[in-house]
Amino acid sequence: MAHQNPAPFVYLDAAAAADARRRGTDPHVLEQSTQDVLKYIYTCLPNAPVYTRAALSALPASSGDADDRISALPFGILRNIVSRLPAKDAARTAALSRRWRPVSRCTPLALADAHHLPGLLEGRLRHPARADTPALAATVSRAVAAHPGPSRAVHLVCGYYADAARQRDLARWFQTFAAKGVAELVLVNRPWPLDVPLPAALLEVATLTRLYLGLWKFPGTSALPHPNRGAAAVFPHLRELVLCSMEVESRDMEYLLAGSPVLENLGIVGARKNVTHLRLVGQHLRCVQICLSAIDSVAVVDTPSLERLFLWETMVLDGSCARLRIGKAPKLRVLGYLNPGIHMLEIRNTVINAGIKASPSTMVPGIKILGLNVRFGVRNDVKMLPTFLRCFPNVETLHFVSQKTEVVDGKVNLKFWQEAGPIGSIQSCIKMMTFREFRMERSEVAFLKFFFQSAQVLNNAVIVVSNGSFTSIREVMSKLKTLIPENGPTQSCRVLVYESSDLDGGALWRLQKGFDFSVSDPLYYR
């Protein structure tokens with residue numbers, strides 16, 4: 001049988017593959033990891049600005065008895081129609097009739113590079129090769145230059161921008177975006193390498209209201225006038241900012257936040273080691289989400305409008321605790337997912353240690369929805385849980401995720417919870433509780449028994465059982481019935497039991513859901 005060469009890499013170039021081999025890493029493993037990172041980043045991005053399945057066609061009139069009613073619509077409605085088409089189809093509408101000729105040029109540009117690649121079928125985009133990028137860049141350049149502006153949205157997520165020619169393209173596009181008033185920009189580089197510099201000309205696009213960046217090295221700002229010291233705002237209209245797998249220094253992050261005075265939504269996904277300390281200050285900041293990021297500390301300093309704060313799988317590279325300091329946040333209502341073993345909680349100026357006596361200075365009374373990620377197999381983590389719960393006395397909805405641990409260093413029983421004493425929120429406030437990844441381990445069972453014995457106003461409980469940890473749902477139901485007192489208030493509580501959707505527990509966090517304020521409880525997943 002003839003020898004076949006392995007398929008070429010999609011994401012790695014020859015230099016990256018060779019470098020991986022020199023470091024003792026299988027480049028195929030690196031290729032798969034890169035694909036996983038990109039796939040995850042794409043789940044965080046907003047929807048494309050136009051309908052990918054929109055079909056542009058014209059039906060000839062038969063026997064002259066068919067009226068072109070669409071062309072007779074008001075000009076504003078025609079612009080609305082064209083604004084929902086991919087840029088190449090929007091331009092083609094000029095050929096329909098004289099009535100349509102000025103419409104596309106008068107409609108704000110909505111450009112997505114994915115729509116200009118072959119292989120787009122039913123909304124699924126093939127993986128573009130690096131060789132596709134020059135042609136793709138030329139197409140983007142033509143589309144941007146041909147439209148007089150303004151530009152509603154530009155999504156560039158399929159290109160490789162590491163070489164000098166693409167860097168020049170980016171800088172030129174940014175200048176054009178600034179001149180033509182781009183409002184929404186989504187820009188993702190396809191690695192490798194991971195530290196491709198983002199041209200500083202991006203900081204001149206002052207019209208942006210929404211900005212998503214992925215897999216870039218943010219430009220240094222140390223030599224620039226700082227907004228905190230009297231300089232003009234960098235992004236005076238920016239309301240939503242998301243940074244995915246970015247290399248950015250803490251001082252540059254502070255510069256970015258200070259230069260975005262009306263920012264409402266902030267997302268940091270997969271931040272690499274450079275962002276060590278994050279200070280949250282902003283009069284309009286409503287929602288902050290930090291996921292899979294190595295950040296030493298997050299300080300909520302002065303955020304009078306903050307309503308939601310999500311921390312998911314945040315970590316410190318040296319294994320120490322990540323500090324969360326909650327200062328001025330009078331409107332904070334949703335907080336998750338705190339991990340008692342990973343997060344060191346500080347409320348105002350008091351560090352919350354196990355057993356600390358509850359007082360007004362150690363409480364955040366406004367929290368109504370709380371999410372906790374708990375390693376019930378680690379005794380020290382569980383010992384912090386009663387203290388954490390007492391910090392949020394008015395919680396009405398409580399979400400737990402039972403985090404699996406490879407090493408169990410001491411399980412706790414019901415006696416521990418009884419000796420811990422009553423917890424006010426469980427007794428008189430919590431009406432809804434969810435418990436994900438239930439494995440029927442002794443520490444989990446002990447906590448749930450204490451919870452059901454203590455809860456006085458609980459109406460609904462949802463138990464999501466870890467995939468493969470039980471024989472049948474009936475087995476789980478039988479076990480749960482032994483935990484609920486026969487004559488207690490929770491006897492009338494509705495208890496629902498589900499199996500996890502996959503071996504990893506299914507989705508627990510969605511960036512766009514967190515930003516959606518029409519969703520009353522963004523932490524609830526079934």
Side-chain angles (χ1 to χ4, degrees), residues 149-151 153-154 156 161 167-168 170-187 189 195-244 246-269 271-290 293 295-306 309 325 327-329:
S151 298
V154 176
L156 305 177
Y161 296 100
Q167 288 280 298
R168 289 193 295 271
L170 281 172
R172 186 174 64 254
W173 293 342
F174 291 160
Q175 292 170 356
T176 304
F177 295 162
K180 296 186 176 181
V182 170
E184 176 176 312
L185 177 61
V186 177
L187 187 62
N189 178 51
D195 58 349
V196 175
L198 194 62
L202 173 69
L203 302 177
E204 300 172 7
V205 189
T207 56
L208 288 173
T209 61
R210 199 181 200 191
L211 176 61
Y212 281 65
L213 300 173
L215 291 163
W216 299 97
K217 181 178 181 180
F218 196 80
T221 61
S222 58
L224 300 178
H226 202 285
N228 281 343
R229 292 189 285 273
V234 183
F235 298 121
H237 308 290
L238 190 65
R239 297 189 179 279
E240 187 165 302
L241 171 66
V242 175
L243 306 178
C244 299
M246 292 285 292
E247 184 173 318
V248 54
E249 301 287 346
S250 293
R251 65 173 180 269
D252 299 326
M253 191 72 211
E254 183 178 348
Y255 174 91
L256 189 54
L257 295 180
S260 307
V262 299
L263 188 67
E264 296 178 1
N265 294 330
L266 172 65
I268 300 175
V269 181
R272 301 201 287 277
K273 61 183 179 180
N274 302 64
V275 179
T276 55
H277 304 285
L278 180 63
R279 296 177 74 256
L280 299 178
V281 178
Q283 295 298 304
H284 299 274
L285 204 57
R286 296 183 67 194
C287 178
V288 176
Q289 304 185 70
I290 304 170
S293 298
I295 296 180
D296 293 348
S297 68
V298 177
V300 182
V301 179
D302 186 7
T303 54
S305 302
L306 187 66
L309 175 60
R325 179 177 179 267
K328 185 179 179 181

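Excluded from the calculations below are hydrogen atoms, water molecules and symmetry mates; all remaining heavy atoms, backbone and side chain alike, are included. For this chain, numbers begin at 1 and follow the sequence in order.
When all heavy atoms of His237 and Ala206 are compared, the closest pair comes out as CD2-O, 3.3 Å. The two residues Leu278 and Ile290 make their nearest non-hydrogen contact at CD2-CD1, 3.6 Å. Nearest heavy atoms, Trp216 versus Leu170: CH2-CD1, 3.5 Å. Listed here is the closest heavy atom pair of Leu224 and Tyr255: CD1-OH, 3.7 Å. The two residues Met253 and Leu266 come nearest to each other via the heavy atoms CE-CD1, 4.0 Å. When all heavy atoms of Ala258 and Pro227 are compared, the pair lying nearest together is O-CB, 3.6 Å.
In terms of modelled atom types and a separation under 3.5 Å, the side chain of Asn189 and the main chain of Tyr161 share a donor-acceptor contact.
In this structure the side chain of Gln167 reaches within 4.5 angstrom of the side chain of Pro199, judged on heavy atoms. In this structure, Leu243 and Leu256 have side chains that are in contact, with non-hydrogen atoms separated by less than 4.5 Å. Between Leu198 and Leu187 the shortest side-chain heavy-atom distance falls below 4.5 Å. When side chains are defined from C-beta on, Phe218 counts as touching Leu203, because their heavy atoms get closer than 4.5 Å. You'll find the side chain of Trp173 stays beyond 4.5 Å of the side chain of Val154, heavy atoms only. Looking at heavy atoms from C-beta onward, Leu280 lies in side-chain contact with Val298 at the 4.5 angstrom threshold. Put simply, the side chain of Leu202 reaches to within 4.5 Å of the side chain of Leu185, judged on heavy atoms. Counting heavy atoms from C-beta outward, Thr303 and Leu309 have side chains that stay 4.5 Å or more apart.
Glu240 and Tyr212 form a side-chain donor-acceptor contact under 3.5 Å, judged by distance and modelled atom types alone. A donor-acceptor pair shorter than 3.5 Å can be found between the side chains of His277 and Ser297.
Note that CZ of Arg286 is 7.5 Å distant from CG of Asn265, once rounded to the nearest 0.5 Å. Rounded to the nearest 0.5 Å, atoms NZ (Lys217) and CD (Glu247) are 5.0 Å apart. Taking CG of Leu285 as the start and CG of Leu306 as the end, the distance is 5.5 Å to the nearest 0.5 Å. Interatomic distance, CZ of Phe235 versus CG of Leu208, reported as 5.5 Å (0.5 Å rounding). Rounded to the nearest 0.5 Å, atoms CG (Leu241) and CD (Glu264) are 12.5 Å apart. Interatomic distance, CD1 of Ile268 versus CE of Met246, reported as 10.5 Å (0.5 Å rounding).
Within 6.0 Å of atom CZ in Arg279, 12 or fewer heavy atoms from other residues, nucleotides or ligands are found, so the atom counts as exposed in its surroundings.
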Quick one, Asp302 with Gln283, criterion side chain to side chain contact (heavy atoms under 4.5 Å, CB included). Give me CA distance, side-chain angles, the key distance, then yes/no. CA-CA 8 Å; Asp302 186 7; Gln283 295 298 304; 3.8 Å; yes
